[in-house]
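Chain A is the first sequence line, chain B the second, and so forth, proteins listed ahead of strands; every chain is numbered from 1. Computed over heavy atoms, backbone and side chain alike; hydrogens, waters and symmetry mates excluded.
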Amino acid sequence: MTNNGFEQDQYIRNRVLLMHVKCGMMLDARRLFDEMPEKNLVSWNTIVAGLVDSGDYVEAVGLFLTMWEEFSEGESRLFATMIRASAGLGLISLGKQLHSCALKMGVGEDIFVSCTLIDMYSKCGSIEDAQFVFDDMPDKTTVGWNSIIAGYALHGYSEEALSMYYEMRDSGGKMDHFTFSIVVRICTRLASLEHAKQAHAGLIRNGFGLDIVANTALVDFYSKWGRVEDARHVFDDMPKKNVISWNALIQGYGNHGRGQEAVEVFEQMISRGMAPNHVTFLAVLSACSRSGLSEHGWEIFQSMSGDHKVKPRPMHFACMIELLGREGLLDEAFALIRGAPFKPTVNMWAALLTACRVHENFELGKLAAEKLYGMEPEKLSNYIVLLNIYNSSGNTKEAAEVVHTLRKKGLTMRPACTWIDINRSSHVFLSGDKSHAQTEEIFQKVESLMAKISRHGYVPQERHLLPDVDEREVRFPFHHSEKLAIAFGLINTPEWTPLQLVQSHRICNDCHNAIKLITVVTGREIVVRDGSRFHHFVGGKCSCGDYW
DNA sequence: ATAGTCACGT
């Protein structure tokens, strides 16, 4: 057999291998690979990349090491693949070793290697190393920019990420559908309508208007901004939708207290043959719970494993506990916890705890709080909820003890802040914040608002004294960060503009009451979003139905 | 090579 003929055979064997990998038939692919009489670099690349794509990182690394012992040979693609595997495993040490290997082999500046390195470093927690690789790139490609921007966003540096995007644009970088998806997601976190609208326009202008991922990000953005109708428009215009797109829309309706529509979209999805996943059920069940559609909720919950082959997870149980809890069916909710086919999780106890707090069942609430506290003793949030329950029930002594342990463990409560985006720039307010340039005007506005809503029955709420809280704040909840942000927003926007706030903390009862009335006296729509839920205030009502 | 839904609190 001539050398040429052998190479041809090898070429064909590699193609067959690739075909199996592309079809996701990894077991067959592996068998073919193992039975190959000869393996060249392409064969190794193909099988290893297949393993990484299917999430089998450990196996991929094992195979790579076998190969490395034999040949000590590698080229850029293979390194890129292995760096991707380290990212998947979250192993920065492995990633660093591969990085230095790649440098030794002279492929350290390869564009594929650089981009996967940026991604790997940021996913493994080192944005500094990612930035370092990015800085060293001789030509900053679209993928390179995308990766570093996504990296900053991943680490919570949303503003920095956004300004890097503008840097990319200004330096003539060519933006693609990945860029716009990332930017829209950043805007979602920043609640920045103007930037998002620009990105939306850019997406269409640059010919990526049909991209399913970018459009799904837009659906999510508009619904999280309180513009569910706009979200619906984007969704309806999408030529193709997948399960994530449907989920985003259902979630959108649910978040704004429009459970009926959420259920309708869910049913539409089923009737169109789209298979729901566990996130779909999370969205539709919490929508039912928030809108008081308990019958629907139960039916859907019951249908999960049978009709839809989706096994209920702890979060689905937590949703159902919330659903029961809203109606004050605390014993039934507790029974659901005890009857769950797995060990009750933090979320489930937390849902029960919220129900107990709202319905003032402190006995069961204390049980739930202490369970939480016992399960994750290092987690700040559990101290906060325990603090809340003691505080609401007037147990100031126990509350003080919680604060004490919290201090002993070195866990600190960060001050609450609210964030509002006006005319493309964002403004942050702390409680009682007097650092803003318009402070005087803002405080005047708060005063006049409070006076106005008092005529509609608003009474400032006395709160139990917390060991850590400034006494002025307790007596005067007028200067909570959300009230300041709203006053600022009212001053600086035209009358018909809805306001969108993002908040670091759970909204307090007093602010919740006040904001409801503010929508009455001003005729504005106000959307407040905290880490996990929405309050869509309109006409004196809130989408949460006063339960949160 | 890089992107989108969830993850119950300050």
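- Residue Arg84(A) is classed as a sugar-phosphate contact, given heavy-atom separations below 4.0 Å to backbone atoms only.
- Contact check, Lys123(A) against dA1(B): no side-chain N or O comes under 4.0 Å of OP1 or OP2.
- When distances are taken from the side chain of Leu282(A) to each of dG9(B), dA1(B), dC6(B), the shortest belongs to dC6(B).
- The base of dA3(B) sits within donor-acceptor range of the side chain of Ser181(A), with an N or O pair under 3.5 Å.
- For the residue pair Ser289(A) and Arg326(A), a side-chain donor N or O sits within less than 3.5 Å of a side-chain acceptor on the partner.
- The side-chain hydrogen bond (donor to acceptor under 3.5 Å, both in side chains) check on Asp433(A) picks up Ser435(A), with sequence neighbours excluded.
- Residue contacts for Ser504(A): at a heavy-atom cut-off of 4.0 Å it reaches a base atom on one of the strands shown.
- The side chain of Arg533(A) contributes no N or O atom lying less than 4.0 Å from OP1 or OP2 of dC8(B).
- A heavy atom closer than 4.0 Å to some atom of DNA chain B occurs in no member of residues 157-164 of chain A.
- Across the protein-nucleic acid pair, Ile118(A) atom CD1 and dA3(B) atom P stand 12 Å apart, rounded to whole Å.
- Within the nucleic acid shown, Gln503(A) has no heavy atom closer than 4.0 Å to any nucleic acid atom.
- For Arg84(A), the side-chain contact (heavy atoms from CB on, under 4.5 Å) test picks out Val52(A), Asp53(A), Thr81(A), Thr116(A), with sequence neighbours left out.
- Only Asp211(A), Ile212(A), Val213(A), Thr216(A), Asp220(A), listed by number, bring a heavy atom of residues 210-223 of chain A to less than 4.0 angstrom from any atom of DNA chain B.
- Among residues two or more places apart in sequence or in another chain, the side-chain contact (heavy atoms from CB on, under 4.5 Å) test is passed with Ser163(A) by none.
- Look at NE2 on His316(A): it is 13 Å from P on dC6(B), rounded to the nearest Å.
- Taking only side-chain atoms of Cys115(A), from C-beta outward, the nucleotide of dT10(B), dA1(B), dA3(B) with the closest atom is dA1(B).
- Remark: Lys140(A) is not in phosphate contact with dT2(B), judged by side-chain N or O atoms under 4.0 Å from OP1 or OP2.
- Taking atom CG of Asp53(A) as the reference point, atom C1' of dA1(B) lies 11 Å away to the nearest angstrom.
- Between Met82(A) and Val61(A), the closest heavy-atom pair is CE-CA, 3.6 Å.
- Remark: Asn242(A), Ile244(A), Ser245(A), Asn247(A), Gln251(A) in residues 227-251 of chain A come within less than 4.0 Å of DNA chain B through at least one heavy atom.
- Nucleotide dA7(B) holds its C1' atom 18 Å from the CZ atom of Phe281(A), rounded to whole Å.
- With sequence neighbours excluded, the residues forming a side-chain contact (heavy atoms from CB on, under 4.5 Å) with Ser86(A) are Leu94(A), Leu98(A), Met120(A), listed by chain and number.
- If you measure from atom CG of Asn45(A) to atom C1' of dA1(B), you get 14 Å, rounded to the nearest angstrom.
- Under the side-chain hydrogen bond (donor to acceptor under 3.5 Å, both in side chains) criterion, His278(A) pairs with Arg313(A), sequence neighbours left out.
- If you take CE of Met315(A) and C1' of dT5(B), they are 13 Å apart, rounded to a whole angstrom.
- Listed by first and then second residue, the salt bridge (charged side-chain N to carboxylate O under 4.0 Å, His left out) pairs involving residues 112-130 of chain A are Lys96(A)-Asp129(A), Asp119(A)-Lys123(A) (not counting sequence neighbours).
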Side-chain polar contacts of residues 200-207 of chain A - donor-acceptor pairs under 3.5 angstrom, sequence neighbours left out - could you list them?
from, atom 1, to, atom 2, distance (Å)
His200(A), ND1, Tyr222(A), OH, 2.9
Asn206(A), ND2, Gly202(A), O, 2.6

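- Among the nucleotides dA3(B), dC8(B), dC6(B), the one closest to the side chain of Glu322(A) is dC8(B).
- The side chain of Asp119(A) approaches dT2(B) more closely than any other nucleotide in the set dT2(B), dA1(B), dC8(B).
- With Ser481(A) contributing its side chain and Ser431(A) its backbone, the two residues share no donor-acceptor pair below 3.5 Å.
- Within the structure, no pair that satisfies the salt bridge (charged side-chain N to carboxylate O under 4.0 Å, His left out) test touches residues 134-163 of chain A, not counting sequence neighbours.
- Legend: residues meeting side-chain hydrogen bond (donor to acceptor under 3.5 Å, both in side chains) with Glu264(A), ordered by chain and number and at least two apart, are absent.
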